[in-house]
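The next block holds one structure in the form of structure tokens; read it before the comments.
All values below were derived from every heavy atom in this structure, side-chain atoms included, with hydrogens, water molecules and symmetry-related copies excluded. Because the structure is a prediction, the values reported are computed rather than measured.
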Amino acid sequence: MSDIPVDNSRRNWVLITCGAGAVGGIGAAVPFVASLTPSDRAKAAGAPVEVDVADLKPGDKLVVEWRGKPVWILRRTPEQLKSLEKTESQVADPNSDRKQYPTPDYAKNQARSIKPEIFVAVGICSHLGCSPSDKLTPGPQPSLPDDWQGGFLCPCHGSTFDLAGRVFKNKPAPDNLEVPPHMYLSDSRLLIGEDKKA
């Protein structure tokens, strides 16, 4: 054992200073760590969106926001569904095989949907991110072919999409419109952003 005298007063001050430093460090770290967690607004922006489609009549389109993107919900008429057969040979990727925006398996069909009459898609062109306009009425129109069956036109660079969001051949858009993950909670309640089958 050493015979060096211990200065208890100095020792106490060292302990108090270390304790205060530790408390201060923890006090400074807590807000910093808390700032790294997503805000309620950020959590809400990525959260699934529940939509009631009961009042959506044939031919009507509803737009909701999911993750800051417009999501279209279109209730297609029987005539609009039949038009998809006519556009099958005119679209670039009729089976949704391209990988830029992978199409969920349940939408890898001609209608690109779970229920044929309800089409759900992100309303953003795969070319440069513009939002295509509705051109749902068939027939000749400015900037559209004479045999137009109805669909969507991106006014920025002229990409056209059929009523299943499939891009026509020889257009600037490299891919079909994105089909987001979605599922039905009931016959009339649609949940966008979550998919139990994926």
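Hydrophobic clustering (ILVMFWY, side-chain heavy atoms < 4.5 Å, transitive): Ile118 and Leu84 are in distinct clusters. Tracing side-chain contacts under 4.5 Å through hydrophobic residues (I, L, V, M, F, W, Y), one never reaches Val53 starting from Leu191; they form parts of separate clusters. By the criterion of side-chain heavy atoms lying less than 4.5 angstrom apart, applied directly or through intervening Ile, Leu, Val, Met, Phe, Trp or Tyr residues, Leu81 is not grouped with Leu56; the two fall into different hydrophobic clusters. Phe119 and Met183 fall into different hydrophobic clusters, where Ile, Leu, Val, Met, Phe, Trp and Tyr are joined by side-chain heavy atoms under 4.5 Å apart, directly or via other members.
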Problem - Verdict with reasoning, Asp162 to Phe168, per side-chain contact (heavy atoms from CB on, under 4.5 Å) - result: CA-CA 7 Å; Asp162 73 359; Phe168 283 87; 4.0 Å; yes
Practice task
Test Val91 against Lys169 for side-chain contact (heavy atoms from CB on, under 4.5 Å), laying out the working first.
Solution key: CA-CA 5 Å; Val91 295; Lys169 294 176 182 175; 5.9 Å; no
Practice task
Test side-chain contact (heavy atoms from CB on, under 4.5 Å) on Trp72 and Ser131 and set out the steps.
Solution key: CA-CA 11 Å; Trp72 299 342; Ser131 189; 4.3 Å; yes
Exercise for the section: Please test Leu144 against Lys135 for side-chain contact (heavy atoms from CB on, under 4.5 Å), starting from the C-alpha separation and ending with a verdict. Expected result: CA-CA 9 Å; Leu144 295 170; Lys135 297 293 180 181; 3.9 Å; yes
Exercise for the section: Under the side chain to side chain donor-acceptor pair (under 3.5 Å) rule, what do Arg76 and Ser113 come out as? Steps first, then yes or no, please. Expected result: CA-CA 11 Å; Arg76 293 176 286 208; Ser113 59; 3.1 Å; yes
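In this structure, Lys61 places its NZ atom where more than 12 heavy-atom neighbours from other residues, nucleotides or ligands lie under 6.0 Å away. Surrounding CG of Asp97 are more than 12 heavy atoms belonging to other residues, nucleotides or ligands, all under 6.0 Å away.
Side-chain contact, Gln110 with Glu88: a donor N or O sits under 3.5 Å from an acceptor N or O. Side-chain atoms of Arg166 and Ser96 include no donor-acceptor pair closer than 3.5 Å.
Across all their heavy atoms, Pro180 and Val71 have their closest contact at CG-CG1, 4.3 Å. A pairwise comparison of heavy atoms in Cys156 and Cys130 identifies SG-SG, 2.6 Å as the closest pair. Between Leu136 and Gly59 the shortest heavy-atom distance is CD1-O, 4.2 Å. When all heavy atoms of Asp195 and Pro181 are compared, the closest pair comes out as CB-CB, 3.7 Å.
Just one residue in the list Val167, Thr160, Leu74 forms a side chain to side chain contact (heavy atoms under 4.5 Å, CB included) with Phe152, and that residue is Leu74. Put simply, the residue from Leu190, Val120, Val51 that forms a side chain to side chain contact (heavy atoms under 4.5 Å, CB included) with Val64 is Val51.
Here Trp148 contributes atom CH2 and Lys86 contributes atom NZ; the two are 13.5 Å apart, rounded to the nearest 0.5 Å. Taking CD from Glu194 and CG from Leu185, the interatomic distance works out to 8.0 Å, rounded to the nearest 0.5 Å. Distance check, rounded to the nearest 0.5 Å: OG1 of Thr103 to CG of Asp93 gives 7.5 Å. The CD atom of Glu85 sits 10.5 Å away from the CD atom of Gln149 when rounded to the nearest 0.5 Å. Distance check, rounded to the nearest 0.5 Å: CG of Leu163 to NZ of Lys82 gives 14.5 Å. Rounded to the nearest 0.5 Å, atoms CG (Asp147) and CD (Gln90) are 5.0 Å apart.
Under a 3.5 Å cut-off, the side chain of Ser126 and the backbone N or O of Asp175 do form a donor-acceptor pair. Between the side chain of Ser188 and the main chain of Ala54, no donor-acceptor pair closer than 3.5 Å is present. Between the side chain of Arg67 and the backbone N or O of Gly193 there is no donor-acceptor pair closer than 3.5 Å.
Between Glu178 and Lys69, the closest side-chain pair of non-hydrogen atoms falls below 4.5 Å. Side-chain contact between Asn95 and Lys108 is absent, with no heavy-atom pair separated by less than 4.5 Å. Residues Leu153 and Pro132 fail the side-chain proximity criterion, which asks for heavy atoms closer than 4.5 Å.
Here salt bridge (Lys or Arg N to Asp or Glu O under 4.0 Å) pairs that include residues 109-125, with residues two or more places apart or in two chains, number zero. Residue pairs meeting the ring pair (Phe, Tyr, Trp, His ring centres under 6.0 Å) criterion with at least one member in residues 173-196, sequence neighbours excluded, are Tyr106-His182.
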